[in-house]
2 protein chains.
Amino acid sequence: MNLENTKAQMRKGILEYCILSVLSKNEAYASELIQKLTEAELLVVEGTIYPLLTRLKNDGLLTYRWEESTGGPPRKYYMVTTLGLNFLAELKKTWAAMVASVNRVTGSEGEGRR
Amino acid sequence: MNLENTKAQMRKGILEYCILSVLSKNEAYASELIQKLTEAELLVVEGTIYPLLTRLKNDGLLTYRWEESTGGPPRKYYMVTTLGLNFLAELKKTWAAMVASVNRVTGSEGEGRR
DNA sequence: TTTGCTACTTTGTATTACATGGTACTGTTT
DNA sequence: AAACAGTACCATGTAATACAAAGTAGCAAA
């Protein structure tokens, strides 16, 4: 029962939401995504993001296209599909509801709203 | 990739926080906890909460005492230890930081603060 | 005694994040 | 040209968690 472990557990399930959200604004390839999420202090690593992107693609929420790079191997640029946009809208609601619930239960209901 | 599944994943890791938080205000037994969390629209079931309570107890964050019931079997009333309170304080910070990060990444940073 | 309710417990399963190691393409250095 | 370094993608195995499901046990009323 250490804090790092609990943090990791808390991150579970929100990555999908974050990735879809980031990609809905701009297409990006995996390394770019990792950089953006890391900048936002949401730890992610390769071993996490590649399987996740593949899963989202297999479920029809993402597509990708290959693009040559000016140095190094070609990149897979991912973008959100229409289905992905719908799912993202649902996730947004879900996230908002969950934050509200947690804040209510933990007694920080008013925070950020006064 | 269905919404219910993603919701379940989003809940991961926050239960510890919610339970510690609820118990820090009033001691309670498992069924009471389930009721409170369900009222707050945070689904929990027996199979989830009993092992979790035991884990928190084994890690020294919770203690319990038996109390006879006026009908039915005796109840285990759980309460938070000093160690648990410290951990709770950390979780509170962690949760707040994560919500801030997610909102920043998904572009809902201002929401609830206007 | 049987039935029903409450409360606690245990076992097995699905899902996820991550660590780790591996493949492949490009350009640079020797 | 050969070796190397850097970038990018991919695959496998592990740990942790939530949950379903089935089980145990106490108490009380019919």
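Chain letters run A, B, ... following the sequence lines, proteins first, then strands; residues in each count from 1. Nothing here was measured: the structure is a model prediction, and the numbers come from that model. Side chains are part of it too, since the values below use all heavy atoms of this structure and drop only hydrogens, waters and symmetry mates.
- Taking atom CD on B/Glu4 and atom P on C/dT16, their separation rounds to 14 Å, with Å as the unit.
- As rounded to whole Å, 12 Å separates atom C1' of C/dA14 from atom CG of B/Asn2.
- Between the CZ atom of A/Arg75 and the P atom of D/dC10 there is a distance of 14 Å, given to the nearest Å.
- Using a 4.0 Å cut-off on heavy atoms, none of the residues of residues 19-33 of chain B approach DNA chain D.
- Contact between the side-chain N/O atoms of A/Tyr50 and the OP1/OP2 oxygens of D/dC9 is found at a separation under 4.0 Å.
- The CG atom of A/Leu56 sits 14 Å away from the C1' atom of C/dA17 (whole-angstrom rounding).
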Taking protein heavy atoms under 4.0 Å as touching, what does nucleotides 18-30 of chain D look like 5' to 3' if B marks base contact, S marks sugar-phosphate-only contact and - marks none?
SBBB----BS---
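- Every side chain to side chain contact (heavy atoms under 4.5 Å, CB included) that A/Pro74 has, sequence neighbours left out, goes to A/Trp66, A/Glu68.
- Taking atom CD on B/Gln9 and atom P on C/dT13, their separation rounds to 18 Å, with Å as the unit.
- Of the side-chain N and O atoms in A/Lys7, none sit less than 4.0 angstrom from OP1 or OP2 of C/dA17.
- Ion pairing between a basic and an acidic side chain is recognised when a charged N comes within 4.0 Å of a carboxylate O; A/Lys36 and A/Glu39 show no such pairing.
- For residues 78-90 of chain A, the salt bridge (charged side-chain N to carboxylate O under 4.0 Å, His left out) pairs, not counting sequence neighbours, are A/Glu90-A/Lys93.
- Grouping Ile, Leu, Val, Met, Phe, Trp and Tyr residues whose side-chain heavy atoms lie under 4.5 Å apart, directly or via other members, places A/Tyr77 in a hydrophobic cluster with A/Tyr29.
- Residues passing the salt bridge (Lys or Arg N to Asp or Glu O under 4.0 Å) test with B/Lys57: none are found, sequence neighbours excluded.
- For A/Glu27, the side chain to side chain donor-acceptor pair (under 3.5 Å) test picks out A/Arg65, with sequence neighbours left out.
- For A/Glu32, there are no salt bridge (Lys or Arg N to Asp or Glu O under 4.0 Å) partners at least two apart in sequence or on another chain.
- At whole-Å resolution of the value, NZ in A/Lys76 and P in D/dT7 are 20 Å apart.
- The ring-ring contact (aromatic ring centres under 6.0 Å, His included) analysis of residues 32-60 of chain A, with sequence neighbours excluded, yields no pairs.
- Taking atom CD1 of A/Ile34 as the reference point, atom P of D/dA8 lies 10 Å away to the nearest angstrom.
- Between the P atom of D/dT17 and the CG atom of B/Leu42 lies a distance of 18 Å, rounded to the nearest Å.
- In this structure, CG in A/Leu56 is found 10.0 Å from CG in A/Leu15, a value given to the nearest 0.5 Å.
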